[in-house]
Amino acid sequence: MLDFLGTRQRTHTCGQLRAADAGQTVTLMGWVNRRRDHGSLIFLDLRDRYGITQVVLDKDLAPEGHAKAEQARPEYVICAIGKVRLRGPESVNPKMPTGEIEIAATELLVLNDSKVPPFSPAEDAIQNEEVRLKYRYLDLRRPEMAHNLEIRHKVALAMREYLNAQGFFEIETPFLTRSTPEGARDYLVPSRVHPAHFYALPQSPQLFKQILMISGLDKYFQIVRCFRDEDLRADRQPEFTQIDLEMTFPQQETIFQVVEGFLKDSFEVVGEQIATPFLRMTYDEAIRQYGIDKPDLRLPPMTDVRDVFTAEELSSLKIEPGLPIVAIVIPNKQAMSNTQKKAFAQELNAAVAPDLAYLDVDRLAAAPQYAALAQHIDAAAAKNCGLARVEPENRLIVVSPRVGATAPARDHLWLYKKAGQLRLDLAKRFQDEHKAFEKKGISDDYKFLWVTDFPFFEWDEETKTWTFAHHPFTSPHEDDLIAGRMTSDPENVRALAYDIVLNGMELGSGSIRIHRQDVQQQIFRALGMSDEEARERFGFFLEALQYGTPPHGGVALGLDRLVMILAGASSLREVIAFPKTAKAIDLMVDAPTPVSDAQLKELHIRPVIRS
RNA sequence: GGGGACGUAGUUCAGUUGGUUAGAAUGCUGCCCUGUCACGGCAGAGGUCGCGGGUUCGAGCCCCGUCGUCCCCGCCA
């Protein structure tokens with residue numbers, strides 16, 4: 001028999017009461033976390049979002065309540081009324097914030113029962129993520145998940161407050177909008193009113209926010225859902241949330257300061273200190289030092305050590321001269337046995353590309369004719385990493401192109417990227433030893449970085465054309481425009497584009513935009529887009545640009561990714577209330593689904609399944 | 001589109017060389033217990049070994065296919 005609530009109201013949450021509250025009569029409501037039945041004495045742990053409080057049902061004190069507690073089971077919803085009582089010194093539970101007290105219940109109401117749950121919210125996450133996602137409402141009862149959502153809420157709130165204080169307006173932009181192909185695949189929504197016409201869900205509010213700048217709104221932000229129909233990853237969901245902002249008349253640094261400001265605040269509200277300003281690094285530097293455009297600064301950089309090799313050494317080690325030779329330091333790598341070294345060597349040879357070789361500096365050091373070389377490599381790497389010396393337990397690997405290396409390996413960018421990948425693979429493999437990825441509770445846990453001066457154009461091997469590396473509204477450096485490099489030297493045109501990187505993860509990116517219609521036209525032409533084609537795709541925007549567009553720029557950061565790092569989670573699914581699986585399915589509501597013929601007919605759609 | 005890992009009780013897992021009736025823990029059910037807090041004790045129920053096909057005297061185990069979850073590459077301006 002379930003009880004009715006009547007006019008009862010909860011007086012406290014389950015995480016609230018302390019020793020000082022002893023003697024008060026209180027009403028608590030919550031879920032049965034655990035029940036311990038000692039016959040005439042029953043303990044119920046009552047749980048809500050705020051914590052857990054122990055309720056005691058004594059048969060002598062409250063025979064009716066005790067009888068109900070006998071029937072209560074995990075996840076039943078209970079209302080307990082009684083006195084807050086200090087626990088005896090021997091029965092205090094120091095593991096619980098409420099462990100000094102308990103509720104001596106005089107009355108117990110069973111407000112609702114529960115089926116036996118497939119897993120217990122009182123325990124850690126189960127391995128079976130399918131079941132977790134199907135019963136997401138139970139999974140979210142776990143304190144860990146509630147905590148993650150709390151971090152998310154606090155971070156978003158701190159950002160709003162900061163941006164509000166800086167004079168930003170939060171302005172909503174449409175979800176039902178127009179497809180502007182390029183970039184990611186769009187999610188499309190068919191129009192009922194306009195047969196064979198489709199809205200697209202926004203991949204980002206990019207053009208709208210730029211138009212808001214044209215409108216003179218000056219400072220815009222939005223914590224906004226974005227949609228991209230691409231394959232998922234642990235750090236990629238088809239719908240995700242961005243903190244999106246745009247400003248009028250900014251320098252790049254103006255944007256950086258705003259972002260640093262709200263990040264500092266939003267880390268602070270969850271008890272984390274970060275140092276600002278963040279480090280700045282150009283794209284070229286990032287590639288040379290880390291082999292990637294989103295360097296993880298928790299690990300030492302790579303060092304080009306080609307200068308320390310003599311011609312004889314190059315030739316006897318069969319290394320192609322004139323190309324980068326990259327040294328990688330993996331911190332705190334313990335010593336290996338010879339057997340382990342051999343296996344590791346084989347693994348590395350398989351891992352590096354065919355035209356690359358790697359050298360083990362330990363082995364160089366052991367060979368008399370190379371001992372000096374090994375010392376020079378060590379010294380160069382140590383200097384570059386800001387170390388006094390490379391400790392012997394820090395394995396040093398050198399990647400270099402073999403003699404006669406062919407096309408891809410002769411390309412510096414390709415070579416740096418390969419070495420950079422190896423650097424990350426090795427770091428991941430030895431993470432238990434060097435512990436560089438573990439939180440230490442200091443500001444050093446968060447290595448922020450602005451990567452600037454991205455190349456404007458990117459060579460597309462497939463189409464054999466120059467394509468934009470960012471999006472086509474990104475402004476090139478004014479100097480490069482003035483020098484006419486757009487046509488004379490596209491490869492070396494720099495974009496006023498920047499990424500913010502945190503611990504090797506791309507947290508967001510932005511740019512100073514093009515505000516002049518003539519420059520925008522020049523860009524489209526440089527990309528091989530006819531005026532007509534540009535008009536067809538972005539006509540509304542090109543039109544708007546002609547009505548007094550101010551210089552403007554902005555940035556967008558992935559809120560989910562940020563919270564994921566703050567929560568110490570390894571997947572976005574841990575910080576999104578209702579996420580999708582790797583196949584983009586929502587297991588709880590079971591979406592997507594087929595729809596009725598009637599619905600399709602209204603939308604003028606007939607599905608054709610191609611096999 | 002490609003590669004990899006996994007799939008056995010509600011859950012977490014074990015299951016030997018292919019060989020009797022597929023096990024453990026936990027959860028669940030019942031009974032007992034007045035100081036537990038992962039309570040304890042006794043008893044019990046619980047299985048389409050993801051699904052389909054094949055090999056075999058015999059398949060959880062081997063083979064083929066398929067579905068699902070996860071991770072990675074491609075993709076993600």
Side-chain angles (χ1 to χ4, degrees), chain A residues 33-47 52-61 66 70-71 73-75 85 87-96 98-100 102 104 114-135 138-139 180-186 203-204 206-207 226-238 240 421 424-425 428 454 456-458 460-462 467-474 495 497 499 506 509-511 523 527 529 537-538 556 558 570-571 573 579-585 587:
Chain A
N33 196 56
R34 283 204 168 85
R35 188 180 70 110
R36 291 176 294 281
D37 185 345
H38 288 235
S40 306
L41 194 68
I42 297 173
F43 299 96
L44 295 179
D45 287 343
L46 225 53
R47 180 195 66 234
I52 292 175
T53 299
Q54 174 167 283
V55 176
V56 190
L57 277 301
D58 190 321
K59 200 170 188 174
D60 300 333
L61 203 77
H66 179 271
E70 279 185 322
Q71 303 305 311
R73 291 294 179 273
E75 302 312 310
R85 184 166 70 191
R87 298 197 196 183
E90 68 290 338
S91 53
V92 163
N93 185 344
K95 284 184 280 186
M96 296 171 71
T98 61
E100 285 184 281
E102 63 192 7
S114 167
K115 287 174 71 174
V116 175
F119 58 88
S120 169
E123 278 162 24
D124 288 343
I126 57 168
Q127 286 303 307
N128 189 337
E129 209 171 340
E130 255 176 289
V131 174
R132 280 182 67 195
L133 288 175
K134 181 173 176 193
Y135 300 93
L138 298 177
D139 195 39
T180 50
E182 304 297 339
R185 217 174 276 116
D186 282 322
Q203 296 178 25
S204 92
Q206 184 61 34
L207 294 181
C226 302
F227 305 86
R228 294 181 189 174
D229 187 4
E230 296 294 340
D231 286 349
L232 289 79
R233 288 282 192 287
D235 61 354
R236 268 164 36 191
Q237 283 273 313
F240 58 99
Q421 188 55 49
L424 288 177
D425 290 346
K428 204 169 172 185
F454 276 78
F456 192 87
F457 293 105
E458 208 167 60
D460 187 337
E461 263 308 310
E462 266 179 45
T467 172
F468 42 83
H470 232 55
H471 58 62
F473 313 105
T474 300
D499 276 5
E506 183 193 321
S509 72
S511 62
I523 300 297
L527 293 168
M529 202 187 290
R537 288 183 179 175
F538 309 110
S570 54
S571 157
R573 294 183 300 278
K580 292 178 177 59
T581 69
K583 285 245 171 74
I585 286 170
L587 287 173

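Reckoned from all heavy atoms, side chains included, excluding hydrogens, waters and symmetry mates.
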Measure from the side-chain heavy atoms of [X] and tell me the nearest of [options].
| X | options | value |
| --- | --- | --- |
| Arg87(A) | C76(B), U69(B), C37(B) | C37(B) |
| Leu587(A) | U69(B), G74(B), C76(B) | U69(B) |
| Asn128(A) | G10(B), U12(B), C71(B) | U12(B) |
| Asn93(A) | G10(B), G35(B), C37(B) | C37(B) |
| Asp231(A) | A38(B), G74(B), G35(B) | G74(B) |
| Glu230(A) | C76(B), U69(B), C70(B) | C76(B) |
| Asp37(A) | C73(B), C37(B), C33(B) | C33(B) |

| request: Answer yes when Arg573(A) and Glu129(A) have at least one side-chain N-carboxylate O distance shorter than 4.0 Å, and no when they do not. | output: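 The answer is yes: the pair qualifies as a salt bridge.
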Counterpart base for [N], defined by Watson-Crick or G-U wobble contacts under 3.5 Å:
| N | value |
| --- | --- |
| C57(B) | G19(B) |
| C37(B) | none |
| G7(B) | C67(B) |
| G44(B) | C28(B) |

Could you check whether [X] gets within reach of a base, just the sugar-phosphate, or nothing at all, counting any heavy atom under 4.0 Å?
| X | value |
| --- | --- |
| Arg34(A) | sugar-phosphate |
| Ser204(A) | base |
| Phe119(A) | nothing |
| Val131(A) | sugar-phosphate |
| Pro117(A) | nothing |
| Lys95(A) | sugar-phosphate |
| Arg85(A) | base |

To the nearest angstrom, how far is [X] atom [atom1] from [N] atom [atom2]?
| X | N | atom1 | atom2 | result |
| --- | --- | --- | --- | --- |
| Lys59(A) | G35(B) | NZ | C1' | 17 Å |
| Gln421(A) | G74(B) | CD | C1' | 13 Å |
| Lys583(A) | C67(B) | NZ | C1' | 8 Å |
| Leu46(A) | U36(B) | CG | P | 21 Å |
| Glu123(A) | C28(B) | CD | C1' | 13 Å |
| Phe227(A) | C76(B) | CZ | P | 20 Å |
| Ile126(A) | G10(B) | CD1 | C1' | 9 Å |
| His66(A) | U34(B) | NE2 | C1' | 9 Å |

| query | Could you walk me through whether Asp45(A) and Arg47(A) pass the salt bridge (charged side-chain N to carboxylate O under 4.0 Å, His left out) check? | reply | CA-CA 6 Å; Asp45(A) 287 343; Arg47(A) 180 195 66 234; over 6 Å; no
OP1 or OP2 of [N] sitting under 4.0 Å from any side-chain N/O of [X]?
| X | N | result |
| --- | --- | --- |
| Lys115(A) | G10(B) | no |
| Ser91(A) | U36(B) | no |
| Ser40(A) | U34(B) | yes |
| Arg236(A) | G74(B) | no |
| Arg36(A) | U36(B) | no |

| Phe227(A), CZ atom: more than 12 neighbouring heavy atoms under 6.0 Å |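 Enclosed.
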Can you check whether any acceptor in the base of [N] is under 3.5 Å from a donor in the side chain of [X], or vice versa?
| X | N | result |
| --- | --- | --- |
| Gln54(A) | U36(B) | yes |
| Arg73(A) | U29(B) | no |
| Arg228(A) | C75(B) | no |
| Glu102(A) | G35(B) | yes |

| Separation between the C1' atoms of G19(B) and A59(B), rounded to whole Å |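 These two C1' atoms come out 10 Å apart once rounded.
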| field | Gap in Å between the two C1' atoms, one belonging to C73(B) and one to G18(B), rounded | value |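 To the nearest whole Å, 37 Å.
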| said: Using a 5.5 Å cut-off between ring centres and planes within 30 degrees, is His38(A) stacked on the base of C39(B)? | reply: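 Stacked: ring centres under 5.5 Å, planes under 30°.
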